[in-house]
There are 2 protein chains.
Amino acid sequence: MTPHKTKARAATRPALAAPAQRPALSRAAITATARHIADTEGIGELTLRRVAAELGTGQASLYRHIAHRAELLALLTEDLAVSFPIVEPTQGEPPAEAIAAQWLAMYDFLAAHHWAAKVIAEGNHLATGTRSVLEHGLALLRAAGLSEADALRGYRALWHLLLGHLLNEHPFGHGSGAAPEPAGTEFEWALRRLIDGIGRMGTWHR
Amino acid sequence: MTPHKTKARAATRPALAAPAQRPALSRAAITATARHIADTEGIGELTLRRVAAELGTGQASLYRHIAHRAELLALLTEDLAVSFPIVEPTQGEPPAEAIAAQWLAMYDFLAAHHWAAKVIAEGNHLATGTRSVLEHGLALLRAAGLSEADALRGYRALWHLLLGHLLNEHPFGHGSGAAPEPAGTEFEWALRRLIDGIGRMGTWHR
DNA sequence: ACCTGAACACCGTTCAAGT
DNA sequence: ACCTGAACACCGTTCAAGT
């Protein structure tokens, strides 16, 4: 009658699998739940009450693992940052193309998580997980012949252009009458102009 | 005993001067108060309760003049937009310089009202008051030899670069160790690179 | 010692009761 | 008819009472 013949043994088992819907509360579990809510329902729905409910616990319990909401948002961006795309340049690819490919990949990635840009912009420091993307982006600029200082300036300029495009994406069209370009296309145009301008500081220019 | 000798005449006066601290509630009065709070104490302090208190009325009364908070923010940006700077190019000034001067002025202006970038980015449509700046910006790009379509793309690219710079200005430094450049200087570098790249689509290039 | 229900101090918005 | 105090449905955060 009982479908669980192994029930008696459960007590001796080292509890390796607690009921799936209630994994022990932890920063990781909280972050995962928050990420799921943000990805599927938007940052507006991401409240501590909601996270707690999803985890089957009380709101106050969250504060045993995070100091405040801002810390949860920081965890969220770090969680995302480890997946930031890195596009390795192909053999003989012109520097400008390699740079464009990297930043277009970043655009696509961040556009797919439309909460990210806002959270990153509001948070103070770019998550430490951004390190590898930063290093890669700087390397591409150095490879284009930029000085260390100009590479850093260029990186930040590209980042700000990206951020501006992501943050200004109104849900419902662009207001102006004429059929607007797809957002990705518009960013690519701007990106290539900026890379072009930055490149003139370096050794490539054609 | 009564300090108000003119009291009897008050009824016959056309109420041309109500007590100065209580001008009749209106959209303009509400906007002015909101603007003052945002400018002096930041957008975080701008609550409807606060506006109402400052005007000596109840919060509910505001809803006789505005539909919701978002409308107040829209009024706020329109109020600011009429003061957007327009920098006329001087005689014989190279197109790139004229464009740079215009956008640097915009940067300085918006940086001085640090709530503006966030509110504008969140609001759906750039306030109608932006029309003249838009027209001026487009004219400068057309004068540089850009097609109508490229002028529009260029304008939007410049706007997004500006927005990204304004929105990513963390209050406390840039996180990375080395002494960062002043924000305005950093924007100017990026701006000139972008203008440079955009210019290569036009007729000037040197 | 660890957890958490209930309360607190805020929001924006609505509504019924005042004039 | 117009105005608005009080309430409502939310927040993030804290605290005292539970285990």
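Throughout, a chain's letter reflects where its sequence line sits, starting with A, and its residues are numbered from 1.
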Qualifying residues under salt bridge (charged side-chain N to carboxylate O under 4.0 Å, His left out), relative to Arg27(A), sequence neighbours excluded:
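Partners of Arg27(A) under the salt bridge (charged side-chain N to carboxylate O under 4.0 Å, His left out) test: Glu71(A).
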So how far is it from Leu80(B) CG to Asp39(B) CG, rounded to the nearest 0.5 Å?
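Result: 7.5 Å between the selected atoms.
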Could you give the distance from CE (Met106(B)) to CG (Leu158(B)), rounded to the nearest 0.5 Å?
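Met106(B) atom CE to Leu158(B) atom CG measures 10.5 Å (nearest 0.5 Å).
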Given the rule that a pair is Watson-Crick or G-U wobble with both distances under 3.5 Å, how would you write DNA chain D in dot-bracket, using | for pairs to a different strand?
||.|||||...|||||.||
For Arg64(A) and dC15(D), what is the distance between atoms CZ and P respectively, to the nearest whole Å?
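Taking CZ of Arg64(A) and P of dC15(D), I get 13 Å after rounding.
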I need the CD-P distance between Gln59(A) and dC15(D), as an integer number of Å.
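Atom-to-atom, Gln59(A) to dC15(D), this comes out as 15 Å.
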Parallel, tilted or perpendicular: ring planes of Phe187(A) versus Tyr107(A), cut at 30 and 60 degrees:
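Parallel, since the angle between the ring planes stays under 30°.
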Heavy-atom neighbours of His36(B) NE2 exceed 12 at 6.0 Å
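No, not enclosed.
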Can you work out whether Ala60(A) or Glu45(A) has the more 5'-proximal nearest nucleotide on DNA chain D?
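First, find each residue's nearest nucleotide; the 5'-ward one identifies Glu45(A).
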Quick check for you: among dC3(D), dT13(C), dT13(D), whose closest atom lies nearest to any side-chain atom of His68(A)?
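Looking only at heavy atoms from C-beta outward on His68(A), the closest nucleotide is dT13(D).
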Would you call Lys118(B) and Glu122(B) a salt bridge, using N to O less than 4.0 angstrom?
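Answer for the salt bridge query: no.
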Considering just the side-chain nitrogens and oxygens of Thr57(A), establish if one lies under 4.0 Å of OP1 or OP2 belonging to dT4(C).
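Answer yes for this pair, as a side-chain N or O of Thr57(A) is under 4.0 Å from OP1 or OP2.
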